[in-house]
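Worksheet: one structure, shown below.
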Protein chains: 2
Amino acid sequence: MLKLSKKTEYAFMAARYLALNNSGHYSTAKEIAENYDISHQLVAKVLQVLKKNNIAASFQGVKGGYVLNKKPDEITLYDIIIAVEEKYKLTNCMHDEPTEESCSHIEGCRIRDPLAGIQKKIDNVFINTSLKQIL
Amino acid sequence: MLKLSKKTEYAFMAARYLALNNSGHYSTAKEIAENYDISHQLVAKVLQVLKKNNIAASFQGVKGGYVLNKKPDEITLYDIIIAVEEKYKLTNCMHDEPTEESCSHIEGCRIRDPLAGIQKKIDNVFINTSLKQIL
DNA sequence: TGATATACGACTATTTTAGTCCTATTTAAT
DNA sequence: ATTAAATAGGACTAAAATAGTCGTATATCA
Ligand code: SF4
Ligand code: SF4
């Protein structure tokens, strides 16, 4: 309930690592995994997603790895969350255009609008926190 | 990921209903369930918890039911969440005193403190929204 | 005494999250 | 050329959290 997924935590960690190690060489998934003591493969996937969303840039091959694509103060935690979590929303009905599919109670529901307001405020918490602030 | 549980949604709905129907008679779980088209039993449980936490008062028997224990502007969404969700926290390590039990990565983790700050901000979103504001 | 309500524990099913495994491709160094 | 180290990414499994049901006890009114 209102918990951050490990995926997001790993993305924060990885981005943080890249921000702190921007000197010349590319940082690898393995390197990051060992530094934070987390699964190599999970970090690898998260990095791939960060790359896809232009938060990081990647280089393949033996001396390959990742670097950040922007300055740490230009990347918000919101950017990272949105990149990594397809389902970041307080309720199901906030994803697609609301239908019976997304929530069977949508008909009689009277808390949708207030919750949308809450959602915005929570979004803002993450929008207003840059990667730089968690270094 | 950062989703409200149905339990919490039902608690919001139930509290809202009680706030809007405070005229004399006690509101029953069945009544609320029908009004919002949700499971009778789930609402019942949620109401029991609200009672336990002094957000609502209950009366047993044939003409029994529930009423709010405070005015809608004296009840925050945070109160309701805390009542209903034992595990409302961004990360596992924020629950008990952090040990290896709560998170195996706690040793090398460098994002715990920043996340604690985020947690407070999110708490404040719910603390600063009263039941009255979602009527 | 029957009907209707709260109270509450145990259980099941479903969904989401976390994590692993496997294979392909790219590239630097030997 | 070959090998080793890296990204890229799909398929799969395991574990945990969520959602929902069932059954039974107790209280109260008519
Ligand atoms: S219950 Fe209401 S708020 Fe919750 S998902 Fe359904 S429509 Fe949205
Ligand atoms: S990874 Fe860090 S922040 Fe996340 S639960 Fe473990 S200690 Fe807490």
Side-chain angles (χ1 to χ4, degrees), chain A residues 1-11 13-14 18 25-34 36-53 56-67 81 84-92 95 101-105, chain B residues 1-11 13-14 18 25-34 36-53 56-67 81 84-92 95 101-105:
Chain A
M1 159 66 183
L2 285 176
K3 180 139 56 200
L4 241 47
S5 71
K6 285 292 180 188
K7 203 155 112 188
T8 294
E9 289 196 25
Y10 298 158
M13 290 179 188
L18 294 182
H25 92 299
Y26 302 142
S27 304
T28 71
K30 199 183 168 200
E31 189 182 332
I32 297 175
E34 281 169 1
Y36 287 106
D37 191 33
I38 53 188
S39 152
H40 160 56
Q41 309 231 48
L42 291 180
V43 183
K45 289 210 172 164
V46 153
L47 283 164
Q48 283 164 31
V49 176
L50 292 183
K51 179 251 160 105
K52 248 190 200 162
N53 289 78
S58 73
F59 301 89
Q60 284 185 305
V62 172
K63 287 271 177 185
Y66 297 88
V67 283
I81 289 176
V84 150
E85 296 286 345
E86 19 338 283
K87 290 192 180 169
Y88 164 71
K89 282 295 172 192
L90 282 185
T91 66
N92 289 333
H95 281 119
E101 323 286 270
S102 50
C103 176
S104 59
H105 312 123
Chain B
M1 160 68 181
L2 286 176
K3 179 138 56 201
L4 243 44
S5 71
K6 285 291 179 188
K7 202 155 113 188
T8 293
E9 288 195 26
Y10 298 159
M13 290 179 188
L18 293 182
H25 92 298
Y26 302 142
S27 304
T28 69
K30 200 183 167 199
E31 190 182 332
I32 297 174
E34 281 169 1
Y36 287 107
D37 191 33
I38 53 188
S39 153
H40 159 56
Q41 309 232 49
L42 290 179
V43 184
K45 288 210 172 164
V46 154
L47 284 163
Q48 285 164 28
V49 176
L50 292 184
K51 178 252 161 106
K52 247 188 201 163
N53 289 79
S58 74
F59 300 91
Q60 283 187 306
V62 172
K63 287 272 177 184
Y66 297 87
V67 283
I81 289 176
V84 150
E85 295 286 345
E86 17 343 278
K87 290 192 180 169
Y88 164 71
K89 283 293 172 194
L90 281 185
T91 66
N92 289 334
H95 282 118
E101 322 286 89
S102 50
C103 177
S104 60
H105 312 123

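Reckoned from all heavy atoms, side chains included, excluding hydrogens, waters and symmetry mates. Computed from a predicted model, the values in this text were never measured in an experiment. Chain letters run A, B, ... following the sequence lines, proteins first, then strands; residues in each count from 1.
The distance between atom OH of Tyr88(B) and atom P of dT18(D), rounded to the nearest whole Å, is 14 Å. Atom OH of Tyr36(B) and atom P of dG20(D) are 17 Å apart (whole Å). If you take CE of Met13(B) and P of dA19(D), they are 12 Å apart, rounded to a whole angstrom. Computed from coordinates, the Tyr26(A) OH to dA6(D) C1' distance equals 13 Å when rounded to whole Å. Residue Ile38(B) contributes atom CD1, which lies 13 Å from atom C1' of dA19(D) at whole-angstrom precision. In this entry the distance linking NE2 of His25(B) with P of dC29(D) reads 16 Å, nearest Å. In this structure, Leu47(B) places its CG atom 9 Å from P of dA7(C), rounding to the nearest Å. Here the C1' atom of nucleotide dG10(D) and the CD atom of Gln48(A) are 11 Å apart, to the nearest Å.
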- Task: Evaluate the criterion ring-ring contact (aromatic ring centres under 6.0 Å, His included) for residue pair Tyr10(B) and His105(A); output intermediate values, then yes/no.
- Result: CA-CA 11 Å; Tyr10(B) 298 159; His105(A) 312 123; 5.8 Å; yes
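Side-chain atoms of Lys3(B) and Asn92(A) form a donor-acceptor pair, as typed in the model, at a separation below 3.5 Å. For the 3.5 Å distance criterion, the side chains of Gln48(A) and Ser58(A) fail to qualify, holding no donor opposite an acceptor. One side chain, Thr8(A) or Glu85(A), offers a donor N or O that lies under 3.5 Å from an acceptor on the other.
For the OP1/OP2 pair of dA8(D) and a distance below 4.0 Å, the side-chain nitrogens and oxygens of Ser58(A) include at least one atom meeting the criterion. The phosphate of dA8(D) has OP1 or OP2 within less than 4.0 Å of a side-chain N or O from Tyr66(A).
Two residues are said to be in side-chain contact when any heavy atoms from C-beta on lie closer than 4.5 Å; His95(B) and Lys89(B) meet this criterion. Annotation: side chain of Leu90(B) is in contact with side chain of Leu2(B) (closest heavy-atom distance under 4.5 Å).
Atom CG of residue Leu18(A) and atom CD1 of residue Ile32(A) lie 4.5 Å apart, to the nearest 0.5 angstrom.
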- Message: One character per nucleotide, please: for nucleotides 23-30 of chain C, 5' to 3', B when the base has a protein heavy atom closer than 4.0 Å, S when only the sugar-phosphate does, - otherwise.
- Response: ---BBB--
- Query: Along nucleotides 15-20 of chain C, 5' to 3', which nucleotides get a B, which get an S, and which get a -, given that the test is a protein heavy-atom distance under 4.0 Å?
  - Reply: --SSBB
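Nucleic acid contact class of Ala44(B) (heavy atoms, under 4.0 Å, all strands): none.
Under the salt bridge (Lys or Arg N to Asp or Glu O under 4.0 Å) criterion, Lys6(A) pairs with no residue at all, not counting sequence neighbours.
In this structure, Glu34(A) contributes its side chain and Glu31(A) its backbone to no donor-acceptor pair below 3.5 Å.
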